[in-house]
Amino acid sequence: MAEAADAEEESDEAPVRKEGEQVVTPWEVEAGEGGVDYDKLIEQFGCEPITPAQIARMEALTGRPAHRFLRRGLFFSHRDLEATLDAYEKGEPFYLYTGRGPSSEALHLGHLVPFHFTKWLQDAFDVPLVIELTDDEKFLFKPGLSLEEARRLSIENSRDIIACGFDPAKTFLFRDTDYIRELYPVALEIQKRVTLSQAMNCFGFQKSDNIGKVGFCAIQASPAFSQSFPSFLRPGMRCLVPQAIDQDPYFRLTRGVAERMKWPKPALIHSKFLPALQGHQTKMSASDAATSLYMTDTEKEMRKKINKSAFSGGGATLEEQREHGANLTVDVPYQYLKIWLEDDEELERIGKAYASGEMLTGEIKKILGDVLAEVVRVHQEARAKVDDAMVARFMDPHRAELAGKWCGEGAAKTTTTPTATLEAQPA
Ligand code: TRP
């Protein structure tokens with residue numbers, strides 16, 4: 001017991017629920033009147049805001065302009081980003097780890113955010129990437145979802161993920177129920193060092209929850225340690241995990257275990273949520289068809305949803321809008337443009353015109369429709385090109401194109417562990 005009890009150095013307290021207070025967990029986002037208070041969340045979770053100096057440093061290190069998600073504050077918080085950049089500057093590479101819970105057939109616009117950003121990180125820093133598909137998680141957490149269906153959705157979703165443009169020569173995509181043999185030894189080390197009460201505090205589990213949920217925490221934690229990928233990563237390699245802020249509890253726990261194990265603590269970089277069409281009190285949700293923009297929507301469907309449901313910060317009448325202008329902070333079309341419109345000058349021009357009342361809600365919705373139609377068109381075109389062979393390529397950890405690039409001598413040893421050898425050898 002004592003061994004596990006102090007596993008977590010950082011706070012593992014679940015936010016205690018008070019009336020009207022915001023709740024952010026991996027399963028629930030409930031914001032107050034003014035939307036999610038992200039400053040408060042940083043404080044609650046104990047992470048750090050990303051500073052302009054850190055953004056400038058990433059630009060200097062990579063020789064590339066920062067991704068607009070960074071420039072516009074969508075990625076806003078981190079843990080140990082600075083240490084990762086310090087090491088990178090000294091020539092020590094890191095790897096990226098992100099993931100997706102395959103809960104729906106089609107991805108919505110919000111689901112693309114971490115993947116577009118991760119692709120930029122991969123290209124800019126020229127580093128390897130692993131992507132976890134948690135079919136096990138969705139099976140355990142979603143009542144009524146069969147394992148077979150979760151496995152199928154994983155493959156469907158992997159096509160969308162690949163369509164984001166990751167470099168196959170630097171990317172490994174895996175489904176937990178396939179890759180568990182390599183993850184399991186690492187997961188066991190983690191499971192042994194997390195108590196039931198820590199998991200209950202951190203995730204808000206109840207006594208009535210199934211035991212699979214408790215054990216799953218370690219399955220999401222394991223890929224944050226490079227020894228989970230003995231066929232192509234050097235053990236002890238640093239890891240950076242791009243994620244939406246609701247995933248932070250998993251990695252708070254993970255970092256606590258890392259500290260005890262003297263493994264490198266994974267660094268984290270957090271995004272805000274994409275607000276739902278109907279307003280920023282909540283995030284876009286795959287299960288709400290009327291207010292989510294799916295990557296499978298036709299342009300017509302999408303424009304219709306924007307026109308009908310997107311919450312407007314503009315004046316209630318034409319006269320009011322002309323006189324007072326729009327409140328950009330609560331205006332969903334403007335907030336979406338801030339995320340998806342690349343051109344900084346164009347965004348500023350639109351913001352000024354709309355805030356002053358010169359531009360009307362209908363006009364900004366039209367511009368948003370144009371921008372998103374293009375995002376969806378590019379995505380659908382790329383997705384159509386992802387065939388089964390491409391999926392199989394991304395999901396093979398023993399490819400020659402991955403081997404040797406990021407392994408030191410240590411890795412050569414780990415690939416001869418019995419599990420890896422069995423997998424590696426032709427039948
Ligand atoms: N739990 C995440 C989800 O439901 C999926 C996930 C697994 C993930 N590993 C991750 C997300 C690492 C971010 C980083 O979507």
Side-chain angles (χ1 to χ4, degrees), residues 64-75 98 100 104-124 131 156-167 242-244 271-280 283-286 288-312 328 331-351 354 361-386 390:
R64 296 187 184 216
H67 192 276
R68 67 175 186 283
F69 293 170
L70 271 175
R71 300 199 305 270
R72 311 251 173 93
L74 185 60
F75 277 80
T98 193
R100 155 146 186 93
S104 65
E105 188 92 35
L107 269 61
H108 64 57
L109 214 49
H111 293 138
L112 287 195
V113 164
F115 292 113
H116 279 203
F117 187 62
T118 301
K119 170 176 163 50
W120 179 82
L121 288 171
Q122 176 178 63
D123 291 347
I131 304 175
E156 279 311 300
N157 289 179
S158 73
R159 297 180 203 281
D160 286 289
I161 294 170
I162 292 168
C164 293
F166 297 107
D167 180 352
Q243 60 192 275
S271 76
K272 298 177 182 175
F273 309 114
L274 190 66
L277 266 181
Q278 72 272 28
H280 63 175
K283 63 171 181 171
M284 194 172 269
S285 157
D288 194 350
T291 58
S292 288
L293 301 175
Y294 297 98
M295 302 316 291
T296 47
D297 284 350
T298 63
E299 182 172 342
K300 208 170 148 202
E301 284 168 336
M302 214 171 54
R303 288 190 191 269
K304 199 168 147 194
K305 285 189 216 174
I306 294 171
N307 286 335
K308 262 184 90 165
S309 313
F311 183 83
S312 171
L328 300 184
D331 189 86
V332 171
Y334 178 77
Q335 290 302 320
Y336 280 18
L337 276 182
K338 215 171 131 184
I339 296 170
W340 297 104
L341 178 64
E342 181 62 40
D343 188 331
D344 290 336
E345 280 169 25
E346 175 78 352
L347 181 71
E348 202 187 318
R349 191 188 62 75
I350 293 168
Y354 190 40
T361 297
E363 297 173 78
I364 194 168
K365 285 186 170 177
K366 157 89 174 56
I367 298 173
L368 178 65
D370 296 343
V371 169
L372 293 185
E374 182 61 12
V375 172
V376 171
R377 190 192 62 76
V378 168
H379 183 85
Q380 288 179 352
E381 213 172 279
R383 193 187 194 277
K385 289 195 191 118
V386 181
M390 185 56 92

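For the numbers below, each heavy atom of this structure counts, side chains included, while hydrogens, waters and symmetry mates do not. Fair warning: this is a prediction, and the values are worked out from it, not measured in the lab.
- Within the model, atoms CG of L70 and OG of S271 stand 11.0 Å from one another, a figure rounded to the nearest 0.5 Å.
- Atoms CZ and CD, on F75 and Q243 in that order, are 9.0 Å from each other to the nearest 0.5 Å.
- Between Y354 and T361, some side-chain heavy-atom pair lies under the 4.5 Å cut-off.
- Put simply, NZ on K308 and CD on Q278 are 13.5 Å apart, with the number rounded to the nearest 0.5 Å.
- Atoms SG and CG, from C164 and L107 in turn, are 8.0 Å apart once rounded to the nearest 0.5 Å.
- The two residues K305 and D297 have their closest heavy-atom pair at NZ-OD2, 2.8 Å.
- Nearest approach of N157 to S104, heavy atoms of both residues: ND2-O, 3.0 Å.
- Two residues are said to be in side-chain contact when any heavy atoms from C-beta on lie closer than 4.5 Å; I131 and F166 meet this criterion.
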Going through the distances and angles, do I306 and L372 end up as a side chain to side chain contact (heavy atoms under 4.5 Å, CB included)?
-> CA-CA 10 Å; I306 294 171; L372 293 185; 4.2 Å; yes

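- For E345, the CD atom counts as loosely surrounded, since its 6.0 Å shell holds 12 or fewer non-hydrogen atoms of other residues, nucleotides or ligands.
- Note that CE of M390 and OG of S158 are 11.5 Å apart. Values are rounded to the nearest 0.5 Å.
- Here the shortest heavy-atom pairing between P242 and F117 reads CB-CD2, 4.5 Å.
- A salt bridge is defined here as a Lys NZ or Arg NE, NH1 or NH2 lying under 4.0 Å from an Asp or Glu carboxylate O, and E381 with R377 meets this definition.
- Contact between V376 and M302 at its shortest, heavy atoms only, is CG2-SD, 3.7 Å.
- We find that R68 and D344 are not joined by a salt bridge, their nearest charged nitrogen and carboxylate oxygen being 4.0 Å or further apart.
- A side-chain hydrogen bond (donor to acceptor under 3.5 Å, both in side chains) with D160 holds for exactly one of Q380, H379, R100; it is H379.
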Could you walk me through whether K304 and E301 pass the salt bridge (charged side-chain N to carboxylate O under 4.0 Å, His left out) test, one step at a time?
-> CA-CA 5 Å; K304 199 168 147 194; E301 284 168 336; over 6 Å; no

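- For F69, the ring pair (Phe, Tyr, Trp, His ring centres under 6.0 Å) partners two or more places apart in sequence, or in a different chain, are H67, W340.
- Using a 4.5 Å heavy-atom threshold, the side chains of I339 and R72 count as separate.
- Inter-residue side-chain proximity for L341 and I350 is flagged as met; some heavy-atom pair is nearer than 4.5 Å.
- The shortest heavy-atom contact between M295 and L112 is CE-CD1, 3.3 Å.
- In this view, D370 and R303, K366 satisfy the side-chain hydrogen bond (donor to acceptor under 3.5 Å, both in side chains) rule, not counting sequence neighbours.
- Using a 4.5 Å cut-off on side-chain heavy atoms (C-beta onward), V371 and Y336 make no contact.
- Residues that satisfy the ring pair (Phe, Tyr, Trp, His ring centres under 6.0 Å) test with Y334, not counting sequence neighbours, are absent from this structure.
- Other residues, nucleotides and ligands place no more than 12 heavy atoms under 6.0 Å from the NZ atom of K338.
- Smallest separation of non-hydrogen atoms from P333 and I364: CB-CG2, 4.1 Å.
- Atom CG of L337 and atom CG of D343 lie 11.5 Å apart (nearest 0.5 Å).
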